[in-house]
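Following: one structure in structure tokens, then a few remarks.
Not measured: the values here are computed from a predicted model. Reminder, nothing fancy here: chain letters follow the sequence lines and each chain counts from 1.
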Amino acid sequence: MKCSGAMSQVLNTMVWRTRRMMTPAMLRNELESVLESSVRSIWGDRIPDDFRAVVSGSNNLEYGDVSCQAAMRLAGIVKDNPRAIAGRITETLTGRIKGISSISIDGPGFINFRLSDNYLASTAFDLASSGLQSLLPDTGAGREVLVEFVSSNPTGPLTVGHCRQAVLGSTISSLLEASGWKVSREYYFNDTGRQMTLLGESLAARYSSAQGDEAVIPEGGYHGSYIIEWAADLSAELGTGLTWKRDRDTFIRFAEEKAMKMILSDLSLLGIEFDRFFAESELIPEAVTDAIEKLSRITIEGKSLVYESDSGKLWLRFTALGRPKDRVIIRDNGTYTYRMPDIAYHLDKFSRNYDLVVDIFGADHLDTSRDVAAALECLLGEKSVSAKLRVIIHQFVTLVKDGRKIKMSTRSGEFVTLRELINDAGSSDVTKYLFLTRRADAHMDFDLDLARKQSSENPVYYVQYAHARIAGILRTADEAGICSPVEFSGDVSCLLDGEYERELMRLLESVSVRVAAAADEMEPHRLTEILADLATGFHRFYQHVRVVDTDNSDVSEARLMLCRACRRCISDLLGILGVDAPDRM
RNA sequence: GCCCCCGUAGCUCAGUUGGAUAGAGCGGCGGUUUCCUAAACCGUAGGCCACACGUUCAAGUCGUGUCGGGGGCACCA
């Protein structure tokens, strides 16, 4: 980017200085602690220890930019009316708070604060120059978190349901990363047991049929047509002489390898990578046996947690742990049921000393997941588990095509794959974004007809368009020889005192706080809300305010800085979602 | 039978430890372009927040119950 004489003139006439960055989170924290100490200094020990003067955003411009409702809370405690309380609190703090230009008491007793123009401009500037992450609180502070997601067994391609989980998991991971966590993404899969045998046998059946032999896919086996292709590959590689009886392992391992490749390629469509693929076979038999041993040493009310039934099965007494049913953990044929290796897996995860362990599961795992958590709490102590384990359960997806819902069943081979979905929707960006427009715990109808529309009806394009528009402005500005300052000066705020500028700055200021909240709650759908707000805010600003104006270069430069802040904010957020931020559309 | 989720504008959905006049997109109606991307903007209509009771100074938000819808619950994973 080149800078003209006008620019250097501005640089000369303004006093640029470095300063300590004041983030929106710091401002709110400071505000809260000032309010709190004011309250405590007035009423002393009448205030409960857990009292907090919480500050939140105002939804109405007339009521300032941030507000505090402490006075209403205190009414019952100090026996006075809220407006009088608010008055006493504010008396003690006039002129003491950085970043605040005025304070008022409104309504039943809200204390409303107006952010100073200087502060607003400075946060916009910080966004423009250093990006969103520089304003986010460092919640993770380098602590380590393990996020497990997808964890689909290698039996076929990923489906629409896995797609939602993949998008959720990778976005939550990125969000945590942006908040200062060191994130490991892990994929757990079952490479042993009945399902793999069925898969291998299904492959063997397809393999035999291809050679004209009569062969039937086993009861409960896999009917997907992709296995026909694997069978062809298998005979091309190893010839036609294999039989299920003699070469079980060859069939199973070949199928597993093919399935895993399929899954990896599906994931790459979404741009998702894992740090580790953890196979169940790594736990068998030592880790699982060890876990059973630990559990069997525990007795609750005189009864052993692990017991054997007449038929030779081994049970875990979940009812003693507050769960509704006891469950079989070892079948009479000596194999483990799903829960047992999963408990061992979680013990393994906990033994690796992560500060936080996040599980992302579909609604079908709810019951098991609670059993696993109960077993963990029993072995490791309730406190250490509840403090570290975070389970996010998401509801299922229904596809809507041509206005009608598509029914899916998994094993039968009648399902829509992730790959088909992305092809049908036209791009992975659209798919990813739309999956994040709903809360994880809400059922979701994925509307393919909407996904295919390349118009403002489609929320992705609305946001991307805002980004492309800003990029266009920056190009125009560059050609006109205008660029925004590289250092911040407080003086710049007087150039941005218009209604639309302030509205945009106010919005930009709130973004990092909202993103931090989304990270704390692990609710990535809030990011699409924020993005939509940013796009709307920018479009509105653009419609009313001329940015590139060579006759008014100082104002133009200041406005350009807002544009850059907005663009950076949008692209950083889209980056967390893994969605492209195009410069042209 | 047990468990989970949902019920907010015509449709799809947001709604920040409970707070001020309940919001957005799409759809409807009416406008805006000699000007940096009209994939945009502005205005307008449209709501007993399923229902009842309770807690509270204050409930879309919390509790109990009722009704309605979706989903899950294996010795599959």
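The pair Arg514(A)-Asp533(A) counts as a salt bridge, with a side-chain nitrogen and a carboxylate oxygen less than 4.0 angstrom apart. Checked for salt-bridge contact, Glu148(A) and Lys349(A) meet the test: a charged N lies under 4.0 Å from a carboxylate O. Between Asp65(A) and Arg502(A) there is a salt bridge, since at least one side-chain N of the basic residue sits less than 4.0 Å from a carboxylate O of the acidic one. Ion pairing of Arg567(A) with Asp583(A) is present here, as a side-chain N (NZ or NE/NH1/NH2) and a carboxylate O approach within less than 4.0 Å. Taking a cutoff of 4.0 Å between a charged side-chain nitrogen and a carboxylate oxygen, Arg327(A) and Asp371(A) qualify as a salt bridge. We find that Arg28(A) and Glu509(A) are joined by a salt bridge, their nearest charged nitrogen and carboxylate oxygen being less than 4.0 Å apart.
Thr368(A) comes within 4.0 angstrom of a base, heavy atoms only. If you check every strand for non-hydrogen atoms under 4.0 Å, Thr337(A) touches sugar and phosphate atoms only. Within 4.0 Å of Arg438(A), counting heavy atoms only, lie sugar-phosphate atoms of the nucleic acid but no base atom. Residue contacts for Val545(A): at a heavy-atom cut-off of 4.0 Å it reaches a base atom on one of the strands shown. Using a 4.0 Å heavy-atom criterion, one finds that Arg514(A) contacts no nucleic acid atom at all. Within the nucleic acid shown, Asp520(A) has no heavy atom closer than 4.0 Å to any nucleic acid atom. As judged by a 4.0 angstrom heavy-atom cut-off over every strand, Gln464(A) is placed among residues making no nucleic acid contact. No contact: Asp342(A) has no heavy atom under 4.0 Å from any strand. Using a 4.0 Å heavy-atom cutoff across all strands shown, Asp326(A) reaches no nucleic acid atom at all. When heavy atoms are screened at a 4.0 angstrom cut-off, Ala442(A) is found touching the sugar-phosphate backbone but no base atom. When heavy atoms are screened at a 4.0 angstrom cut-off, Tyr63(A) is found touching base atoms of the nucleic acid. No contact: Thr155(A) has no heavy atom under 4.0 Å from any strand. If you check every strand for non-hydrogen atoms under 4.0 Å, Ala75(A) touches nothing.
Across the protein-nucleic acid pair, Arg83(A) atom CZ and A58(B) atom P stand 19 Å apart, rounded to whole Å. For Tyr345(A) and A77(B), the OH to C1' distance is 14 Å, given to the nearest whole Å. Here G72(B) presents its P atom at 17 Å from CZ of Arg370(A), a figure rounded to the nearest Å. Atom CZ of Phe435(A) is separated from atom P of C13(B) by 14 Å (rounded to the nearest Å). Note: CG (Asp191(A)) to C1' (A77(B)) measures 13 Å, nearest angstrom. Between the P atom of U37(B) and the CZ atom of Arg584(A) lies a distance of 10 Å, rounded to the nearest Å. The interatomic distance linking Met444(A) (CE) with C4(B) (C1') rounds to 19 Å, in whole Å. For the pair Phe110(A) CZ and A20(B) C1', the interatomic distance rounds to 5 Å; values are reported in whole Å.
Of the candidates A40(B), G19(B), C36(B), C36(B) carries the atom nearest the Tyr542(A) side chain, counting heavy atoms from C-beta on. With distances taken from any side-chain atom of His539(A) to the nucleotides G19(B), C41(B), G71(B), the minimum falls on C41(B). Looking at the side chain of Arg327(A), the nearest of the listed nucleotides C5(B), C57(B), C73(B) is C73(B). Distance from the side chain of Arg540(A) is smallest to C41(B) among C41(B), G19(B), A38(B). Checked against A77(B), C5(B), A20(B), the side chain of Arg331(A) finds its nearest nucleotide in A77(B). Ranking G71(B), A40(B), A39(B) by closeness to the Tyr461(A) side chain, first place goes to A39(B). Ranking C73(B), C36(B), A20(B) by closeness to the Ser58(A) side chain, first place goes to A20(B). Relative to the side chain of Asp106(A), the nucleotides A20(B), C42(B), A40(B) differ in distance, and A20(B) lies closest. The side chain of Ala468(A) lies closest to U37(B), out of A77(B), U37(B), U17(B). Between C41(B), C3(B), A77(B), one nucleotide has an atom nearer to the side chain of Asn190(A) than all others, and that is A77(B).
Taking 4.0 angstrom as the limit, His525(A) places a side-chain polar atom (N or O) nearer than this to OP1 or OP2 of G15(B). For the OP1/OP2 pair of G15(B) and a distance below 4.0 Å, the side-chain nitrogens and oxygens of Arg439(A) include at least one atom meeting the criterion. The side chain of Arg73(A) contributes no N or O atom lying less than 4.0 Å from OP1 or OP2 of G19(B). Within the 4.0 Å cut-off from OP1 or OP2 of C41(B), at least one side-chain nitrogen or oxygen of Tyr462(A) is found.
Both Thr437(A) and Asn153(A) lie near RNA chain B, and the one whose nearest nucleotide falls closer to the 5' end is Thr437(A). Each of Asp367(A) and Asp445(A) was assigned the nucleotide of RNA chain B with the nearest heavy atom; the assignment lying further toward the 5' end belongs to Asp445(A).
Screening Val547(A), Val548(A), Val545(A) against Cys563(A) for a side chain to side chain contact (heavy atoms under 4.5 Å, CB included) leaves a single residue, Val547(A).
U16(B) and A52(B) have their P atoms separated by 23 Å, given to the nearest Å. C6(B) and C51(B) have their C1' atoms separated by 16 Å, with the value rounded to a whole Å. A58(B) and U17(B) are spaced 15 Å apart, taking the C1' atom of each and rounding to whole Å. A distance of about 34 Å separates the P atoms of G1(B) and C48(B), rounded to the whole Å. Atom name P, nucleotides C3(B) and G10(B): the rounded distance is 34 Å, in whole Å. A distance of about 9 Å separates the P atoms of G19(B) and G60(B), rounded to the whole Å. On the P atoms, G15(B) is 15 Å away from A9(B), given to the nearest whole Å. Distance check on atom C1': G46(B) versus C73(B) gives 42 Å, rounded to whole Å.
Under the Watson-Crick and G-U wobble criteria, each requiring two contacts below 3.5 Å, nucleotide U56(B) is left unpaired. Checking G68(B) for Watson-Crick or G-U wobble geometry (two distances, each under 3.5 Å) identifies C6(B) as its partner. Pair assignment for A22(B) gives none, since no Watson-Crick or G-U wobble pairing has each distance under 3.5 Å.
For A40(B), the base is not stacked against the aromatic ring of Tyr465(A), per a cut-off of 5.5 Å between centres and 30° between planes.
Between Tyr338(A) and His365(A), the gap from one ring centroid to the other is short of 6.0 Å.
Evaluation of atom-type donor-acceptor distances gives no pair under 3.5 Å for the side chain of Gln543(A) against the base of U33(B). In the interface, the side chain of Ser67(A) is paired with the base of A20(B) through a donor and an acceptor atom under 3.5 Å apart.
Put simply, the side chain of Ser553(A) never gets that close to the backbone of Thr550(A): no donor and acceptor are under 3.5 Å apart.
Interatomic distance, Ile85(A) CD1 to Ile105(A) CD1, rounded to the nearest 0.5 Å: 11.0 Å.
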